[in-house]
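Structure first, commentary second.
Fair warning: this is a prediction, and the values are worked out from it, not measured in the lab. Counting starts at 1 for both ligands and their atoms, in listed order.
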Amino acid sequence: MKMTKELLTLNQDIAGQEIGIPVYHIDSGSNENPTVYIQSAVHAAEMQGSAVIYQLIKMLPKLKLQANFILVPNCNPFGRTQRAGEYLQGRFDATTGNNWNRFYYYHKNIAKQFISSLKIKELVAGEYSSLDLRSKFRQYLKESIVHSINSEWGVNTAQYLNYKLQLLAANADYVIDLHTGPSSTRHIYSPDFLIDDALHFNIENIISIPPSFAGALDEASFTPWIDLGNTLKEYGIEFNYRVKAFTVELGSQENICLTQAFDDMAGIVNYMRSQQLVAGGPGIVKKAITVTPLTNYKTLFSKHAGMVEYLAKAGDRVLQGQTIARVLNSLEFDSDLGLVNITAPSSGIVILHYPSAAVQVGTQLYKIAVDEN
Ligand SMILES: [Zn+2]
């Protein structure tokens, strides 16, 4: 086991001072072992994952490692300085409004372009091994990302950040992107083909997402490999390798709990044990887990402006018709309209609610994993 650390420069201030992110490499001693990439705080106010990486860096040297690790505990050097009042405004680029987790590189024809760069006769004759295809496609992906960063017209700040991080993540067989919600219970986004794997994280709620690209790192990590498998099938070639990628939401933003971070780390180690990436490590107490398809993960938008009391908390089970919040409207305190009850449109589990008591029409009040019926 060897641990090395680098400060990777991604930004500089207007005086030219370089601003970097720490990147930890933990080497198991064999290049043939798979690589695990874990980053935290691309939404800069979502810091619990950084504490989890701290716990991982303390734990991994005590385990038998069958994988190499790239760990990036504070991966957004732009967002981490964007303060608004007492809060980190870390979810969106403060200048453009761009979501820091929606601009990763993906091109829907990348697998086709890659295959057309190979010798087709040799490909069809089976002369490229699966390992060959894997390393050549990885290289092709990385070169495509570098090409985009260097394009004459440039890229926006969120793209620049995402592409640079993706160049690290593209080396990995496993990608784990650590986030939190606003006021949130723990949950994980897993592609539908990895649900059985995702159970090993031991997180109570799993949102099952379709394996397609909508801008985030997890999707940008597994989708090209699914495309490659599908395209190779057209040539009669079976190619089953997939990058396994997840977005893990570790509670609420603007919050660190090191005790909880130990448990979060134990869940990740449990997942890695199930994949034979590590041996040993802390045990877990298995939790009951609910899997909800993305189509049943519903947002309740506020119909009212006002000051809200959240009666249902993140993690609560609610019933259809149950009052989950109350909104005060000070212009109507002398009538029945001064206090409006908000009820749950369906039964399910409250995953998160808006962090502020001040809401307007259209604010995302709650996100609820509703029961299937
Ligand atoms: Zn996030």
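Of all the N, O or S atoms in His179, the one closest to the Zn ion (ligand 1) is ND1. Of all N, O or S atoms in His43, the one lying closest to the Zn ion (ligand 1) is ND1.
A salt bridge does not link Asp218 to Lys244: none of the charged side-chain nitrogens sits closer than 4.0 Å to a carboxylate oxygen. Classification of Glu46 and Arg91 as a salt-bridged pair holds, one side-chain N sitting under 4.0 Å from a carboxylate O. Remark: Lys112 does not engage Asp227 in a salt bridge, criterion side-chain N to carboxylate O under 4.0 Å.
Residue contacts to the Zn ion (ligand 1): Glu46 brings an N, O or S atom closer than 2.8 Å.
The aromatic ring centres of Phe201 and Phe246 sit less than 6.0 Å apart.
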